[in-house]
Amino acid sequence: MPYAFTVTTPRGQVPIELLCGTLKSLKGEDCKVFSVVGNEPYFVPHFLKHYRKLGASRFIFYLDRPSEDLYQYVINQPDVTAFTSKMSFGTVMGKYSNGALFRWHHLLNDMLTEKLFSKKWTLSVDVDEFAVLPGRFLTLDHYCHYLDGLDVVHVGAPMIEFYSETLAQLDHLDSSVDPFSACQYFDCGPYYEWSPDQQSPKPIYAGIRQRLFEKVQSQYPEHFEQIVSAGYRYQPPKMWKVPLLKHGQGVKRIMKHEATRPPSIPQGLALVHFKFFPGFIHKVVDAIQQSQYYRNSMEYKLIHLALQKFPDYCLTGDRRTCVYEGPDTLVEARLLINN
């Protein structure tokens, strides 16, 4: 494969290979959609369909360990430009000032986007994250033009995890079922408070994962400690990101969740995060085997334990449970600002 360019890292220069599309295809003023894509064949077709409906005309994928079928599917999409390299997704590049490990996939989201999209709007999302815009905006470009008029260069978004009635229910669905049909429920917010003088928001609540892990801890404390480690207090996941950013305007993304300045609009859009989806047990097992996610895939180990211990537990009986019926539902649940 031809090398498109190199990226400077603490481990030296990393050549980036061009798999399909052209560098010229990244030009233009329309908002691009960028994603680091692992071997996740379920999501890619649904992801493309969702963002095409939002007017996206160019997708930029960085592929990590795709199967041959997924690779062939991606390179045959006319609106996809895809890259890869020989660097492993979870390779540690160093540490941030707060002690958090700085990995290759962080660098891809924080720095590769800066290289590719100078002075352009880009939505940087994982392939299991589906953006929802405030109801009066039909396309990403429409929304970005509105932000330009406000002199806003980046917006925050809650990560809203949708779920089914039970975990076991997802085993009986095939890949043709879209994620919004498979998982229609979510927990109302707010999930965080983001004040104008704080680079990071104050967490308030973390949705279904927090509820699920609290149940695991209360019912199976010994198993929980084996995974999390004795005496360690579980910290709920960061349920926010700064996914939409206009590059080259003095603001840069930090590990996907924050930026060098707090966003002017902390809930300018929403990211529906499908941690649970048809056949998700395969992703859980792979994440545990690869051990390349947060704290050696700790959260995937907790989800696996929940699957083993209470697969038929009703997740929708909590007072916070809502049914998704469109953007206005998220506004009512205090998870989206109706700009």
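Worth saying up front: this structure is predicted, and the values here are computed from it rather than measured. Values below: every heavy atom of this structure, side chains too, minus hydrogens, waters and symmetry copies.
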Open item on the list: Just checking Phe277 against Phe162, ring centres under 6.0 Å apart?
Closed with: no
TODO: List in chain and number order the residues that pass salt bridge (charged side-chain N to carboxylate O under 4.0 Å, His left out) with Arg52, two or more places apart in sequence or in another chain; answer none if no residue qualifies.
DONE: Asp79
Open item on the list: Between Phe5 and Phe83, is the ring-ring contact (aromatic ring centres under 6.0 Å, His included) condition met? List the steps.
Closed with: CA-CA 10 Å; Phe5 46 79; Phe83 300 93; 5.6 Å; yes
Open item on the list: Can a side-chain donor-acceptor contact be found between Tyr300 and Asp286 if the only test is distance below 3.5 angstrom?
Closed with: no
Open item on the list: When you compare the side chains of Ser195 and Asp197, does any donor N or O come within less than 3.5 Å of an acceptor on the partner?
Closed with: yes
Task: Any donor-acceptor N or O pair under 3.5 Å, side chains Glu161, His273 - done: yes
Task: Partner of Glu40 by side-chain hydrogen bond (donor to acceptor under 3.5 Å, both in side chains), out of His282, Arg65, Lys283 - done: Lys283
TODO: Go through the structure and list residues passing ring pair (Phe, Tyr, Trp, His ring centres under 6.0 Å) with Phe117, not counting sequence neighbours.
DONE: none
Report, one line per pair, each donor and acceptor closer than 3.5 Å where one atom sits in a side chain of residues 302-320; sequence neighbours left out.
residue : atom : partner : partner atom : Å
Asp318  : OD2  : Arg320  : N            : 2.9

TODO: Decide whether Trp121 and Glu29 meet the rule of one side-chain donor and one side-chain acceptor closer than 3.5 Å.
DONE: no
TODO: Examine Phe276 together with Phe280 and report whether their ring centres are nearer than 6.0 Å.
DONE: yes
Open item on the list: Between Glu114 and Arg253, does any NZ, NE, NH1 or NH2 come within less than 4.0 Å of an OD or OE carboxylate oxygen?
Closed with: no
Task: Any side-chain donor near an acceptor of the partner, Asp174 and Ser176, under 3.5 Å - done: yes
- [ ] Answer yes or no: does atom NZ of Lys215 have more than 12 heavy-atom neighbours from other residues, nucleotides or ligands under 6.0 Å?
- [x] yes
Open item on the list: Counting the benzene-type ring for Trp, do Phe180 and His50 have ring centres under 6.0 Å apart?
Closed with: yes
Open item on the list: I'd like to know if the side chain of Tyr62 pairs up with that of Ser85 as donor and acceptor (distance under 3.5 Å, no hydrogens or angles considered).
Closed with: yes
